[in-house]
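Fair warning: this is a prediction, and the values are worked out from it, not measured in the lab.
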Amino acid sequence: MNKKYLTGALMCLTAVVFWGGMFPVMNAALKVIDPFYFTLLRYGSVAILLAILLFFIEGKKAFKTDGHLLSLWLLGTSAFAGFSFLVFWGQALAGNAGSVIASVTMAVQPLLAVLVAWVWKRNKPTAVAFFCMLVALVGVVLVVTQGNLAILVSAGFPALVILLGALCWVIYSTGVASFPDWSILRYSAITTILGMVSVIALLTIATLAGWLTFPTLAQISHIQWELAYMIIPAGIVALFAWNLGNRQITTLNGILFMNLVPITAFVVNAFLGYRFGSFEIVGALLVIAALIANNLYNRSLQKNK
C-alpha cells in the first residue's frame with residue numbers, strides 16, 4: 001500500500017468516525033431545535049471559518065469560480081442543503097431510533113454511488129451490484145421496522161427521506177473529482193459558501209411563510225456542545241478530510257468507508273444506554289456485508305482487465 005493511498009484511507013476513516021458520532025449527538029439536539037435552522041448554525045459557521053482560512057492561505061483570488069459557478073452551487077446545495085435538511089429531518093421524524101436508522105442508511109451510500117455513476121457516467125451496474133443493493137435494502141428495512149413489517153408504512157417515510165439525503169451527499173462526493181486542480185480547502189470552502197446561499201434562501205421563505213421560527217438564544221445555548229461538535233470535528237475536520245481522502249483514493253474506494261458510520265454510531269449509542277434489538281444488529285450486518293461484497297467484486301473486475 002503506497003503512502004498516498006494510506007493517507008487517503010486515513011482521511012476517510014477520520015471523517016466517517018466523526019460522522020458516525022454525529023447521529024447520536026443530533027438525537028439530543030433535535031429535541032431542542034429543528035434540523036433546518038440547525039443546518040444554518042452548523043454549516044453557516046463552517047462556511048465562515050473555511051472562508052477565513054481560504055483567504056489567508058490562498059488569497060482572495062481563490063474565491064473565483066473559474067466559470068464553474070452553477071456546478072459548484074448545485075454541488076454545494078446538494079451537500080449542505082439537501083443532505084443536512086433531509087437526513088436530520090428524517091432522523092427527527094424517526095424519534096429515538098432516528099440515529100440508528102440514519103447511520104445504517106448512510107452506509108448504503110456506496111451502492112448509491114453505483115447508481116450515480118450509472119446516470120452520470122453511463123457505467124451500468126453489474127448483476128452483483130444489483131443483488132448487493134437488494135440485500136442492503138433488506139438490511140435497512142430490518143433496522144427501520146425492527147422485524148415488524150407492519151410499521152413500515154409509518155417508519156418507512158423517515159428512512160426514505162434520509163436515503164434521499166444520503167444520495168445528495170454521494171452526488172457531492174462524486175463532484176470533487178471534477179476539480180482536480182483545486183485545493184481541497186478551496187473546493188470545500190466555495191461549495192459550503194454557495195450551499196449556504198441556498199440554505200438561507202430556503203429558510204427565509206419557510207420562515208416568512210410561517211413554517212419555521214428562528215431559534216431563541218436559550219435554544220442555541222442549550223445545544224452549544226452539540227453545535228460545537230457538529231461544527232469542528234463533524235464539520236470542518238470531517239469535510240476537509242473526506243474531500244482530501246476521496247481525491248487520494250477515488251470515490252469508489254472512499255465511499256466504502258461509510259460502512260463504519262453505523263459501527264461508530266452503534267458504539268456511541270450503546271455508551272449512551274440505547275438497547276439494540278436483534279433485528280437492528282442483523283440488518284446492519286446485512287448492509288455492511290452487501291457493501292463489502294460489492295466492493296470486493298468490483299476490485300476483482302479491475303484486476304482482471
Sub-4.5 Å side-chain heavy-atom contact between [X] and [Y]:
X	Y	value
Leu202	Phe36	no
Thr191	Tyr187	yes
Leu93	Phe88	no

In short, side chain to side chain donor-acceptor pair (under 3.5 Å) pairs touching residues 203-214 with sequence neighbours left out are Tyr37-Thr207
Any side chain to side chain donor-acceptor pair (under 3.5 Å) pairs touching residues 231-244, not counting sequence neighbours? Tyr172-Asn243, Ser173-Trp242, Ser188-Asn243
Test of understanding: with side-chain hydrogen bond (donor to acceptor under 3.5 Å, both in side chains), list the residues that count as partners of Ser183, not counting sequence neighbours. Glu58
Nearest heavy atoms of [X] and [Y], plus distance in Å:
X	Y	result
Thr192	Tyr43	CG2-O, 3.8 Å
Ile162	Gln91	CD1-N, 3.8 Å
Ala234	Met22	CB-CB, 4.1 Å
Gln248	Thr7	NE2-CG2, 4.1 Å
Ala189	Leu54	CB-CD2, 3.9 Å
Ala228	Pro233	O-CD, 3.6 Å

To the nearest 0.5 Å, tell me how far [X] [atom1] sits from [Y] [atom2].
X	Y	atom1	atom2	value
Leu203	Thr39	CG	OG1	7.5 Å
Leu72	Ile193	CG	CD1	11.0 Å
Leu227	Ile33	CG	CD1	7.5 Å
Leu286	Ile281	CG	CD1	12.5 Å
Leu13	Leu6	CG	CG	10.5 Å
Thr65	Arg186	OG1	CZ	8.5 Å

side-chain contact (heavy atoms from CB on, under 4.5 Å) against Leu49, all qualifying residues, sequence neighbours excluded: Ile231, Ile232, Ile236
Sequence neighbours excluded, which residues qualify as side-chain contact (heavy atoms from CB on, under 4.5 Å) partners of Ala29? Met26, Phe38, Ile223, Glu226
State which residues pass salt bridge (charged side-chain N to carboxylate O under 4.0 Å, His left out) with Arg247; sequence neighbours excluded, sorted by chain then number. none
The criterion is salt bridge (charged side-chain N to carboxylate O under 4.0 Å, His left out); which residues satisfy it with Asp181, sequence neighbours excluded? none
With a cut-off of 3.5 Å and sequence neighbours excluded, list every side-chain donor-acceptor pair involving residues 127-139.
none

Do [X] and [Y] share a hydrophobic cluster (ILVMFWY, side-chain heavy atoms under 4.5 Å, transitive)?
X	Y	result
Val32	Phe214	yes
Phe85	Ile205	no
Ile184	Val237	yes
Ile171	Val197	no

With a sphere of 6.0 Å drawn around CG of Leu217, does it hold more than 12 non-hydrogen atoms of other residues, nucleotides or ligands? no
For residues 30-54, pull every pair meeting salt bridge (Lys or Arg N to Asp or Glu O under 4.0 Å), keeping only residues two or more places apart or in separate chains. none
Verify side-chain contact (heavy atoms from CB on, under 4.5 Å) between Phe23 and Asn27, making sure each step is shown before the conclusion. CA-CA 6 Å; Phe23 295 108; Asn27 249 18; over 6 Å; no
Might you work through the side-chain contact (heavy atoms from CB on, under 4.5 Å) test for Val176 and Leu75, ending with a clear yes or no? CA-CA 9 Å; Val176 70; Leu75 288 168; over 6 Å; no
Contacts satisfying ring-ring contact (aromatic ring centres under 6.0 Å, His included) that involve residues 46-73 (not counting sequence neighbours) are His68-Phe179
Quick test of your reading: applying ring-ring contact (aromatic ring centres under 6.0 Å, His included), list the pairs with at least one residue in residues 216-238, sequence neighbours left out, ordered by first then second residue. none
Phe80 and Leu194: side-chain contact (heavy atoms from CB on, under 4.5 Å), yes or no, with the steps? CA-CA 9 Å; Phe80 307 112; Leu194 292 175; over 6 Å; no
By ring-ring contact (aromatic ring centres under 6.0 Å, His included) - contacts of Phe83 (at least two apart): Trp169
